[in-house]
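One is the number of the first residue; the rest follow in order along the sequence.
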Amino acid sequence: MKNSHVVVVGGGVVGVTLGCVLSRFLNVTVYDRDDQRIQRWLLCSPPFYEPGLAELVDGSSVAFTSSANCLDSADIVILCINYSVESDLRDTLHLISSECTTKSHRIIVDKSTLPLNTSQRIKHFFNNHHSHFDILSIPEFLSQGTAIRDCLSPSRVLIGCDTSESGIAAQNTLIDVYAQWVPRSKILTQNIWSTELSKLASNALLAQRISSINSFTAICDATNANIGQLTQSLATDTRIGSDYLHPSVGFGGSCFEKDLKMLIYLCESLDLVLVAEYWKGVLAMNDYQLQRFVRRVQDTINGVEHPHVAVLGLSFKKDTGDVRLSPSVRIIKDLLAQHNTVRFTVCDPAVTEMQTMNEFDGCKRVHYCHGIAEAVNQSHCLLLLTNWPEYHTQIDWTAVYDSMHEPRWVLDGHSIVDVEKLISLGFNVYQVGH
Ligand SMILES: NC(=O)c1ccc[n+]([C@@H]2O[C@H](COP(=O)([O-])OP(=O)(O)OC[C@H]3O[C@@H](n4cnc5c(N)ncnc54)[C@H](O)[C@@H]3O)[C@@H](O)[C@H]2O)c1
Ligand SMILES: O=c1ccn([C@@H]2O[C@H](COP(=O)(O)OP(=O)(O)O[C@H]3O[C@H](CO)[C@@H](O)[C@H](O)[C@H]3O)[C@@H](O)[C@H]2O)c(=O)[nH]1
């Protein structure tokens, strides 16, 4: 195993973090078809922001390439790719099959979150192409912003395989690989259906908790109940706990929505109509929460001539520059569509000006700012759309008040700021569920 060559396919946060950790024990190449991405990694200038990843890459022995011929020397191929369309996956498999010609046996690990039963379909594909590849499903549970910590100390590692002799041998090989840094008690072996479903179930339950708490913010907004007091009470019940019960404008990012849709698709294809409807409710609640916030913003700018809205936080959560399916982006786009004259100044320490321009197709009504002071200057309304509490505490509220124009609204989408303090300074404040 020591001299095994591992090729990680996909140079995103999952592939690169895992590649770096594995390179402490094995010979690792990260292959991505996007040459620009690879060039950034080769220059140790990551194509996206993930805390500590540049340093990890810099200190590792990982090789990076956009040339697929590295696949031929691989003993283990680990798929860490994003899934867009079925034909894309087929092309990837054809590529692996055509490049991997010289060795008689290899292990293919599916680490991407792809539609259920994909590992089985990968197996059939290679069987039909007369290649002796064993397929394992090892889903990834890391979160962006804490990718390195999660990869080094995972809560569990699931290794799914079929029940053939060589499948179990491949599973044992990967157990030995992971056991080099993960306690064996945290490495669980399962069948492939269970590992694939475990991944979707985990994200579905986390998303469901967020939608559940957000549903209570709607009740709090309509009554005298306060969401902070409610979550405090829920958190003290150890059976419920406090994780993933932080109220927000809704969850975002490239995983929860996509994985819920895969789960719903699976339920529908199994004719489990009620189960599908149940999970659709989680997505519907997420949209409802976002729309409630958009309406709140509209109410605050109604009647203001040429409203100027400052936005703090564009990425989908703290410690990442990822704007994929970010609630913040959705809110701005909705308001741009509904209001002809509104303009935005946006500030996020982890997002670049170029990303912002690309996200809004160069729209002249959205401006990127380097700091909060610049963003809020002459604005009528400030949207707090980051769940980065440390960032909120850096705000000089008196200076913000002086540089804003009437009606001086602060709308806190992540229930973080001290509402009473802002009201005492003269701001109008809306906080989700307050
Ligand atoms: N981002 C997360 O927090 C996270 C966590 C757990 C699991 N996942 C899953 O892991 C997978 C990867 O996630 P990510 O965020 O690193 O993705 P990403 O979109 O950032 O990166 C994927 C990379 O794969 C490359 N790629 C796609 N098809 C390829 C091919 N055929 N050949 C070579 N390169 C190819 C793309 O160019 C891209 O650079 C996804 O399936 C995702 O759902 C992501
Ligand atoms: O109490 C909470 C917790 C999170 N969020 C939001 O939920 C979204 C997702 O947050 P998080 O789970 O921290 O980020 P991801 O990086 O998307 O990670 C999720 O998705 C990954 C990809 O599948 C999984 O591997 C991880 O285990 C899973 O946490 C973000 O918009 C957060 O603002 C809330 O609104 N309230």
Side-chain angles (χ1 to χ4, degrees), residues 45-54 144-145 248-249 252-253 293 297 300-301 304 306-324 326-333 335-336 342-419 421-432:
S45 156
F48 49 81
Y49 174 68
E50 176 64 34
L53 197 51
Q144 285 171 249
S248 63
V249 283
F293 192 81
V297 182
T300 67
I301 58 178
V304 178
H306 301 295
H308 170 191
V309 177
V311 180
L312 182 52
L314 194 66
S315 67
F316 81 97
K317 65 168 197 177
K318 69 175 183 173
D319 281 336
T320 177
D322 196 341
V323 292
R324 286 179 288 182
S326 165
S328 188
V329 171
R330 288 179 174 184
I331 288 165
I332 295 172
K333 283 187 176 168
L335 288 162
L336 281 171
V342 66
R343 67 188 176 89
F344 293 89
T345 42
V346 176
C347 145
D348 188 316
V351 177
T352 64
E353 182 164 10
M354 184 64 87
Q355 266 179 293
T356 310
M357 293 300 103
N358 289 342
E359 205 53 45
F360 298 102
D361 294 328
C363 174
K364 296 257 185 306
R365 289 196 281 149
V366 182
H367 292 272
Y368 174 88
C369 292
H370 288 278
I372 304 164
E374 193 189 338
V376 293
N377 193 27
Q378 299 186 359
S379 65
H380 303 97
C381 178
L382 168 59
L383 311 187
L384 298 172
L385 292 178
T386 171
N387 63 345
W388 197 341
E390 299 84 342
Y391 198 42
H392 287 199
T393 56
Q394 292 168 17
I395 300 175
D396 177 347
W397 286 108
T398 311
V400 169
Y401 185 88
D402 289 342
S403 74
M404 279 177 78
H405 286 324
E406 285 296 338
R408 289 190 175 90
W409 268 98
V410 175
L411 290 94
D412 177 7
H414 287 271
S415 215
I416 287 177
V417 291
D418 179 345
V419 175
K421 178 183 151 190
L422 294 198
I423 290 174
S424 73
L425 286 172
F427 288 101
N428 290 304
V429 185
Y430 165 71
Q431 182 174 62
V432 172

Query raised in the report: Can D348 and Y368 be said to form a side chain to side chain contact (heavy atoms under 4.5 Å, CB included), step by step?
Result: CA-CA 9 Å; D348 188 316; Y368 174 88; 5.8 Å; no

Query raised in the report: Out of curiosity, F360 CZ to H367 NE2, how far, rounded to the nearest 0.5 Å?
Result: 12.0 Å

**Report entry** Residue pair P407 / V304, side-chain heavy-atom distance below 4.5 Å
**Finding:** yes

Query raised in the report: Would you say S424's side chain and K421's backbone share a donor-acceptor pair under 3.5 angstrom?
Result: yes

**Report entry** Qualifying side chain to side chain donor-acceptor pair (under 3.5 Å) pairs, either residue in residues 399-409, two or more places apart
**Finding:** E406-R408

Requested in this report: Say whether, by atom type as modelled, one donor and one acceptor occur between the side chain of S379 and the main chain of L382 under 3.5 angstrom.
Outcome: no

Query raised in the report: Atom CG of D322 and atom CD of E50: how far apart are they, to the nearest 0.5 Å?
Result: 9.5 Å

Requested in this report: Please identify each residue that fulfils salt bridge (Lys or Arg N to Asp or Glu O under 4.0 Å) with K333, with sequence neighbours left out.
Outcome: E359

Report summary line: Note: C347 and A375 closest approach over all heavy atoms is CB-CB, 4.0 Å

**Report entry** Approximate separation, where rounding is to 0.5 Å, of I372 CD1 and N377 CG
**Finding:** 13.0 Å

Query raised in the report: For V410 and N428, what are the C-alpha separation, side-chain angles and deciding distance, and is it a side chain to side chain contact (heavy atoms under 4.5 Å, CB included)?
Result: CA-CA 6 Å; V410 175; N428 290 304; over 6 Å; no

Requested in this report: Run the numbers on V309 and H380 for side chain to side chain contact (heavy atoms under 4.5 Å, CB included), then give the verdict.
Outcome: CA-CA 6 Å; V309 177; H380 303 97; over 6 Å; no

**Report entry** Interatomic spacing from CG in L383 to CZ in F344 - rounded to 0.5 Å
**Finding:** 7.0 Å

Report summary line: Rounded to the nearest 0.5 Å, the CD1 atom of I332 sits from the CG atom of L314 at a distance of 5.5 Å

Query - Flag, side chain of S315 to backbone of G321, donor-acceptor distance under 3.5 Å - result: no

Report task. With sequence neighbours left out, write down each residue that passes salt bridge (Lys or Arg N to Asp or Glu O under 4.0 Å) with D412, or none if nothing qualifies. Result -> none

Query raised in the report: How long is the gap from CD1 on I423 to CZ on F427, to the nearest 0.5 Å?
Result: 11.5 Å

Requested in this report: Scan side-chain atoms only and decide if T386 and H414 contain a donor-acceptor pair under the 3.5 Å cut-off.
Outcome: no

Report task. Report yes or no: does T320 contribute a side-chain atom to a donor-acceptor pair with the main-chain N or O of F316 at less than 3.5 Å? Result -> no

Query raised in the report: Got a donor-acceptor contact below 3.5 angstrom from the H308 side chain to the Q378 backbone?
Result: yes

Query raised in the report: Which heavy atom of S328 sits nearest a heavy atom of L385, and at what distance?
Result: OG-CD1, 3.6 Å

Report task. Please answer whether the main-chain N or O of K318 pairs with a side-chain N or O of N387 as donor and acceptor at a distance below 3.5 Å. Result -> yes

Query - Worked check of side chain to side chain contact (heavy atoms under 4.5 Å, CB included) between L336 and C363 - result: CA-CA 10 Å; L336 281 171; C363 174; 4.2 Å; yes

Query raised in the report: Ignoring hydrogens and geometry, is there a side-chain-to-backbone donor-acceptor pair from K317 to Q144 under 3.5 Å?
Result: yes

**Report entry** Aromatic ring pairing F293/Y430, orientation class (parallel under 30°, perpendicular over 60°, tilted between)
**Finding:** tilted

**Report entry** Which atom of I416 lies closest to which atom of Q431, heavy atoms considered
**Finding:** N-NE2, 3.3 Å

